[in-house]
Amino acid sequence: KSMLFLGFLLVFLGLAVPGTQGRVISRCEMVRILRRHGFEGFVGKTVADWMCLVKYESSYNTKAYNNNGPSRDYGIFQINSKYWCNDGRTAGAKNACHINCSQLLNDNIEDDIRCAKKIAQEARGLTPWYGWKNHCRGRNLSSFVRGC
C-alpha cells in the first residue's frame, strides 16, 4: 500500500509543481516554425541566423531564463525585461512589446515570435542579441538548417 501511495504522491506533485524544464524544440521543428512565420529574409537575415541566435540564447528551450542583475531575459529568444516585457521587478522597464515576461516562458512561442520580430525590426537586425553577435555574425551558419 505504501508504494501505491508513494506513486500517487509523485504523480500529484508532478502535476502540482509547474515544470521548470520547459520544452526544448528540436532543430528541424524550430526551422519549420521560423520559416512558417516569415523569418527568411526578415530584416535581411536568414533562418540560419535566427537558428544560431536561438541556439546560443536559449538552446531552443521555451522556459530559458537568465538573471542579468538589474534585468532578466525570458524565453526562447531571451527577451529582456528592461525594454521589451514587464516582469514587475525591473526598474524603469519600457515593456515595448506590451507583454508580461512570464508569458514568454510557456510552450506557446507565438508571442515570443511577435516580440522578437519587433526587436529585430527596431534594431534593423539581430545586434541586440549577444548570443548572435558573439557566435553567429559573419559565420557560415548553413549547418543550423541543413537537412531540414
Side-chain angles (χ1 to χ4, degrees), residues 9-148:
L9 182 63
L10 289 174
V11 168
F12 173 75
L13 288 174
L15 295 173
V17 178
T20 54
Q21 203 57 32
R23 176 173 170 233
V24 176
I25 298 175
S26 74
R27 184 176 65 87
C28 283
E29 184 182 355
M30 193 69 207
V31 167
R32 287 190 294 275
I33 290 168
L34 293 172
R35 286 179 175 154
R36 190 169 58 243
H37 285 87
F39 279 85
E40 189 63 55
F42 184 72
V43 296
K45 299 299 173 196
T46 65
V47 164
D49 278 294
W50 284 95
M51 285 295 295
C52 184
L53 179 154
V54 170
K55 164 73 174 154
Y56 285 101
E57 290 290 341
S58 68
S59 297
Y60 311 116
N61 188 335
T62 60
K63 282 192 171 73
Y65 171 85
N66 186 40
N67 190 337
N68 303 317
S71 67
R72 283 148 292 286
D73 296 331
Y74 294 85
I76 200 156
F77 294 101
Q78 289 294 277
I79 293 170
N80 187 267
S81 63
K82 176 101 175 129
Y83 304 103
W84 306 105
C85 64
N86 176 25
D87 65 1
R89 298 170 23 189
T90 304
K94 306 278 185 272
N95 193 13
C97 287
H98 309 291
I99 190 169
N100 190 309
C101 298
S102 64
Q103 290 176 255
L104 301 171
L105 295 175
N106 61 30
D107 290 346
N108 179 347
I109 65 167
E110 298 288 325
D111 41 15
D112 307 58
I113 287 169
R114 280 191 298 277
C115 188
K117 284 183 125 182
K118 180 181 180 73
I119 295 166
Q121 197 147 33
E122 288 193 15
R124 295 184 181 88
L126 306 182
T127 55
W129 286 278
Y130 286 97
W132 181 82
K133 284 197 297 191
N134 296 337
H135 300 280
C136 313
R137 179 169 46 186
R139 301 204 173 134
N140 179 348
L141 306 175
S142 59
S143 63
F144 284 94
V145 296
R146 188 173 295 124
C148 301

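Heavy-atom minimum distance, Gly131 versus Cys136: O-SG, 3.8 Å. The two atoms that bring Asp87 and Arg72 nearest to each other are OD2-NE, 2.8 Å, heavy atoms only. Here the closest non-hydrogen pair linking Trp84 and Asn95 is O-OD1, 3.4 Å. The shortest non-hydrogen separation linking Ser58 to Ala64 is CB-CB, 3.5 Å. Shortest non-hydrogen contact noted between Asn67 and Gly69 is OD1-N, 2.9 Å. Of all the heavy atoms in Arg27 and Cys148, the pair that sits closest is NH1-SG, 3.5 Å.
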side-chain contact (heavy atoms from CB on, under 4.5 Å) assessment of Arg32 paired with Ile25: CA-CA 11 Å; Arg32 287 190 294 275; Ile25 298 175; over 6 Å; no

What's the verdict on side-chain contact (heavy atoms from CB on, under 4.5 Å) for Arg124 and Val43, showing C-alpha distance, side-chain angles and the deciding distance? CA-CA 6 Å; Arg124 295 184 181 88; Val43 296; 5.9 Å; no

After noting the C-alpha distance and the side-chain angles of Met51 and Val145, does the key distance pass the side-chain contact (heavy atoms from CB on, under 4.5 Å) rule? CA-CA 8 Å; Met51 285 295 295; Val145 296; 4.2 Å; yes

Just do the side-chain contact (heavy atoms from CB on, under 4.5 Å) check on His37 and Trp50 with the steps written out, would you? CA-CA 12 Å; His37 285 87; Trp50 284 95; over 6 Å; no

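In this pair, Phe39 and Phe77 present their aromatic rings parallel. The plane angle is below 30°, not in the 30 to 60° band.
The local environment of OH in Tyr65 is crowded, with over 12 non-hydrogen atoms from other residues, nucleotides or ligands closer than 6.0 Å.
The SG atoms of Cys85 and Cys115 do not lie less than 2.5 Å from each other.
Asn134 and Tyr56 share no side-chain donor-acceptor pair at under 3.5 Å. Asp73 and Asn80 share a side-chain donor-acceptor pair at under 3.5 Å. No side-chain N or O of Asn61 forms a donor-acceptor pair with one of Ser59 less than 3.5 Å apart.
Comment: Asp107 does not engage Arg23 in a salt bridge, judged by the lack of any side-chain N to carboxylate O separation of less than 4.0 angstrom.
A cation-pi arrangement is present between Lys117 and Phe42, with the terminal nitrogen or guanidinium carbon under 6.0 Å from the aromatic centre and inside a 45° cone about the axis.
When each of Leu105, Thr62, Ile76, Ile99 is tested with Asp112 by the rule side-chain contact (heavy atoms from CB on, under 4.5 Å), just one qualifies, namely Ile76. Screening Val47, Leu34, Asp49 for a side-chain contact (heavy atoms from CB on, under 4.5 Å) with Glu40, the sole residue that qualifies is Val47.
Here Phe144 contributes atom CZ and Thr46 contributes atom OG1; the two are 10.5 Å apart, rounded to the nearest 0.5 Å.
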